[in-house]
Participant: 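Submitted below is the structure of interest, expressed as structure tokens.
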Amino acid sequence: MSTIYTGVTGKVTIGGEVAYISNWSVESTREIVEVPELGKKFKQKVAGQANWTASADGTVCFGSDGISGHKNLFDAMNDGTRVKCEFFLLDPAKAKGMAAVKFDGLALIESLSVDLSAEDKGNISISVSGCGSLGFPGKTI
């Protein structure tokens with residue numbers, strides 16, 4: 001039986017949760033290297049290096065002191081600190097003994113914006129670029 005996944009949760013962590021993610025996107029890419037040969041009609045192609053990026057939107061967690069989550073994210077971006085990213089396809093609390101179904105990896109923050117209006121929660125948008133492998137359900141590449 002197949003499982004149909006729906007959005008559940010994601011988080012960005014720097015020593016603790018700092019953002020609650022309401023929607024996210026993860027993209028895994030691989031360079032394709034073309035190898036032209038004299039006298040051949042078609043180019044050969046070989047797989048090059050892999051990379052991944054992610055973006056997310058959600059609610060900023062300002063922490064019990066009112067600012068630590070916000071400050072940690074901006075510090076990580078400005079200092080070039082790698083952050084641990086986890087994007088869940090299956091809510092771990094409802095997994096009933098199953099392994100976590102998620103994408104995860106270490107990344108650098110490329111961009112970060114926070115907006116707040118009088119009638120809304122604090123919203124955050126974040127884009128990250130992977131540093132190393134991307135873990136995904138059933139395999140790490």
Side-chain angles (χ1 to χ4, degrees), residues 1-38 40-141:
M1 181 173 147
S2 297
T3 301
I4 297 175
Y5 297 107
T6 59
V8 284
T9 188
K11 61 183 173 180
V12 178
T13 58
I14 307 170
E17 288 186 30
V18 292
Y20 304 108
I21 304 303
S22 59
N23 70 65
W24 54 266
S25 171
V26 175
E27 180 179 19
S28 180
T29 59
R30 179 170 298 279
E31 293 176 359
I32 302 297
V33 180
E34 294 182 353
V35 184
E37 294 181 59
L38 289 174
K40 300 278 182 158
K41 286 186 176 185
F42 298 96
K43 295 177 186 178
Q44 296 295 317
K45 296 182 181 177
V46 295
Q49 292 182 309
N51 187 38
W52 67 274
T53 59
S55 61
D57 298 308
T59 304
V60 70
C61 173
F62 290 100
S64 60
D65 62 2
I67 194 158
S68 63
H70 179 241
K71 181 181 182 318
N72 287 344
L73 281 177
F74 275 95
D75 285 350
M77 184 181 76
N78 292 321
D79 297 341
T81 302
R82 293 177 180 189
V83 295
K84 181 179 180 182
C85 300
E86 298 176 299
F87 303 97
F88 291 90
L89 295 169
L90 181 63
D91 187 344
K94 298 176 182 174
K96 297 179 184 165
M98 296 171 56
V101 181
K102 65 181 178 179
F103 293 90
D104 65 341
L106 295 177
L108 293 171
I109 300 172
E110 285 187 294
S111 66
L112 179 64
S113 69
V114 174
D115 75 79
L116 184 66
S117 67
E119 299 174 356
D120 200 5
K121 62 193 179 314
N123 296 304
I124 187 167
S125 294
I126 187 170
S127 293
V128 298
S129 183
C131 299
S133 63
L134 172 65
F136 67 96
K139 187 174 183 183
T140 298
I141 59 171

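Model, not experiment: these values are computed from the prediction.
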Participant: Could you grab the distance from atom CG of Leu134 to atom CG of Asp104, nearest 0.5 Å is fine?
Facilitator: 7.5 Å

Participant: Check Val33 against Gly48 and note the closest heavy-atom contact, atom names and distance.
Facilitator: CG2-CA, 4.3 Å

Participant: Determine whether Leu73 and Val114 make a side-chain contact, defined as any pair of heavy atoms from C-beta on separated by less than 4.5 Å.
Facilitator: no

Participant: Any chance you could measure Glu110, atom CD, to Ser129, atom OG, to the nearest 0.5 Å?
Facilitator: 4.5 Å

Participant: Can you list the residues that meet the side-chain hydrogen bond (donor to acceptor under 3.5 Å, both in side chains) rule with Ser125, with sequence neighbours excluded?
Facilitator: Asp57

Participant: How close do Trp52 and Ala107 get, heavy atom to heavy atom, and via which atoms?
Facilitator: CH2-CB, 3.8 Å

Participant: Below 30° counts as parallel, above 60° as perpendicular, anything between as tilted: where do the rings of Phe87 and Trp24 land?
Facilitator: tilted

Participant: Considering non-hydrogen atoms only, spot the tightest contact between Arg30 and Ala47 and give its length.
Facilitator: CD-CB, 3.5 Å

Participant: With side-chain hydrogen bond (donor to acceptor under 3.5 Å, both in side chains) as the rule and sequence neighbours excluded, what pairs involving residues 41-51 come up?
Facilitator: Glu34-Lys43

Participant: Out of curiosity, Ser28 OG to Phe136 CZ, how far, rounded to the nearest 0.5 Å?
Facilitator: 7.5 Å

Participant: Taking the side chain as every heavy atom from C-beta outward, state whether Ile126 and Ile109 have any atom pair closer than 4.5 Å.
Facilitator: yes

Participant: Going from CG on Leu108 to CG on Asp79, what distance comes out if it is rounded to the nearest 0.5 angstrom?
Facilitator: 11.5 Å

